[in-house]
Amino acid sequence: MAHQTDDPGHGPEQRPGAVALDDPEPRPLTESAARELFAERAPLGLVRVFSASVPLVLDGETVEDEERMHADLAGPLHLTPLGSGDGVVLAGFTDRAAMLAEARRATADGSPREGVDGARDSFERVCTSNPDSLPDRVCFFEDAGEQGDVKCLGAGLGYPNLSRVHRGFLSTQNWNDVISSLSWCRFDVSLFDAFDWQGNEFFARKGCTTPDLNRFGWGDRAASIANWGN
């Protein structure tokens, strides 16, 4: 689903000598708030089209025609990478509970210190079996490979509107439709392609790093984000 930004350009206009603007505070996300967020999501009738370079599986069935899939959908998808290496797929679910259950069954591989350099070099998604050893914060990057501008988000917090979160020199740009990679995180992380945690959801399971969202059709796409830790 296409969405509107508060500013049709890159952000608030700055005059020479102007002071950089402060970011809005991220919003707390309690456990009950997370449940309520998905409890009564009305179908949107149209979702933002995306195209992944890895196989797409919808509710357990391989998608052969993504254009038809988008035309037939009545509401947003909940998407998460499953597998690793050449076997990675983007798994889509019409039911979020089913997505979470499948993500929980996924087997982690590697460890933070052993896998991180290779992941950054190859842009491969890597997970660890010990997420409790990772930082509470997750960092989002402008470019693949954890490069470019960076914005970090603490546990149990989220930004409902990235067009209001400033970016770049003198904060003249914003973070809407910019994120292309994210760091390791101790907790589950979600990116949404509409404001207010609506639209399609990309779910990054705790203990994983995602150095290239473009691979999953999610580069320059996020409009709101959440770090579900508490």
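Below, each value reflects all heavy atoms present in this structure, side chains not excepted, and no hydrogens, waters or symmetry copies.
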With side-chain contact (heavy atoms from CB on, under 4.5 Å) as the test, would you mind laying out the steps for Arg186 and Asp132 before giving the verdict? CA-CA 6 Å; Arg186 184 174 180 174; Asp132 289 344; 3.8 Å; yes
Could you walk me through whether Glu102 and Thr80 satisfy the side-chain contact (heavy atoms from CB on, under 4.5 Å) test, starting with their C-alpha distance in whole Å, then the side-chain angles of each, then the deciding distance to 0.1 Å, before giving a yes or no? CA-CA 9 Å; Glu102 191 62 33; Thr80 191; 5.9 Å; no
Are Thr62 and Val57 close enough, and set up right, to give a side-chain contact (heavy atoms from CB on, under 4.5 Å), and what steps lead you there? CA-CA 4 Å; Thr62 300; Val57 178; 4.3 Å; yes
Given side-chain contact (heavy atoms from CB on, under 4.5 Å), test Val189 with Leu153 step by step and report yes or no. CA-CA 10 Å; Val189 173; Leu153 185 62; over 6 Å; no
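Ser183 has its side chain within reach of Glu146: a pair of non-hydrogen atoms, C-beta onward, lies under 4.5 Å apart. Under the 4.5 Å side-chain criterion, counting only non-hydrogen atoms from C-beta, Leu191 is in contact with Ile225. Between Asp188 and Arg104 the shortest side-chain heavy-atom distance falls below 4.5 Å. Side-chain contact between Asp149 and Val178: absent, with no pair of heavy atoms (C-beta onward) separated by less than 4.5 Å.
Put simply, CH2 on Trp184 and OG on Ser133 are 8.5 Å apart, with the number rounded to the nearest 0.5 Å. In this structure, the separation between CG on Asp65 and NE2 on His70 is 10.0 Å, given to the nearest 0.5 Å. To the nearest 0.5 angstrom, Leu56 atom CG is 10.0 Å from Glu64 atom CD. Distance CZ/Arg125 to CZ/Arg205: 5.5 Å, rounded to 0.5 Å. Taking CG of Leu90 as the reference point, atom CG of Leu82 lies at 8.5 Å (rounded to 0.5 Å). Note: Gln173 CD to His166 NE2 = 11.5 Å, rounded to the nearest 0.5 Å.
Closest heavy-atom contact between Lys206 and Pro131: C-CB, 4.3 Å. Contact record, Asn161 with Phe195: OD1-CE2, 3.2 Å, taken as the closest heavy-atom pair. The two residues Asp212 and Ala144 have their closest heavy-atom pair at OD1-CB, 3.7 Å. Considering all non-hydrogen atoms of both residues, Leu213 and Phe202 come closest at CD2-CE2, 3.6 Å. Shortest non-hydrogen contact noted between Phe50 and Phe216 is CD1-O, 4.4 Å. Residue Asp136 comes nearest to Asn227 through the heavy atom pair O-ND2, 3.0 Å, listed as atom of the first residue, atom of the second, then distance.
A distance-only check finds a donor-acceptor pair linking the side chain of Asp59 to the backbone of Thr94 [under 3.5 Å]. Although no hydrogens or angles enter the test, the distance criterion places a donor-acceptor pair under 3.5 Å between the side chain of Ser224 and the main chain of Ala194. A donor-acceptor pair is defined here as one N or O able to donate and one able to accept, closer than 3.5 Å; such a pair exists between the side chain of Asp95 and the backbone of Ala97. Between the side chain of Ser163 and the main chain of Asn176, no donor-acceptor pair closer than 3.5 Å is present. Without hydrogens or angle criteria, Arg137 side chain to Gly154 main chain gives no donor-acceptor distance under 3.5 Å. A distance-only check finds a donor-acceptor pair linking the side chain of Ser53 to the backbone of Arg215 [under 3.5 Å].
Counted by atom type alone, Asp220 and Ser180 present one or more donor-acceptor pairs between their side chains at under 3.5 Å. Using a 3.5 Å distance cut-off with no hydrogens or angles, the side chains of Trp197 and Ser190 do not pair a donor with an acceptor.
Partner of Trp218 under the side-chain contact (heavy atoms from CB on, under 4.5 Å) criterion, out of Thr210, Leu182, Leu79: Leu79 alone.
In the hydrophobic clustering of ILVMFWY residues, with side-chain heavy atoms under 4.5 Å counting as a link, Ile179 and Leu157 come out together. Taken together through direct or relayed side-chain contacts under 4.5 Å among Ile, Leu, Val, Met, Phe, Trp and Tyr, Met69 and Val54 form part of one hydrophobic cluster. Connection of Leu73 to Val63 is established within a shared hydrophobic cluster, with ILVMFWY side chains joined at heavy-atom distances below 4.5 Å, either directly or through further cluster members.
For the two cysteine residues Cys152 and Cys139, the thiol sulfurs sit under 2.5 Å apart.
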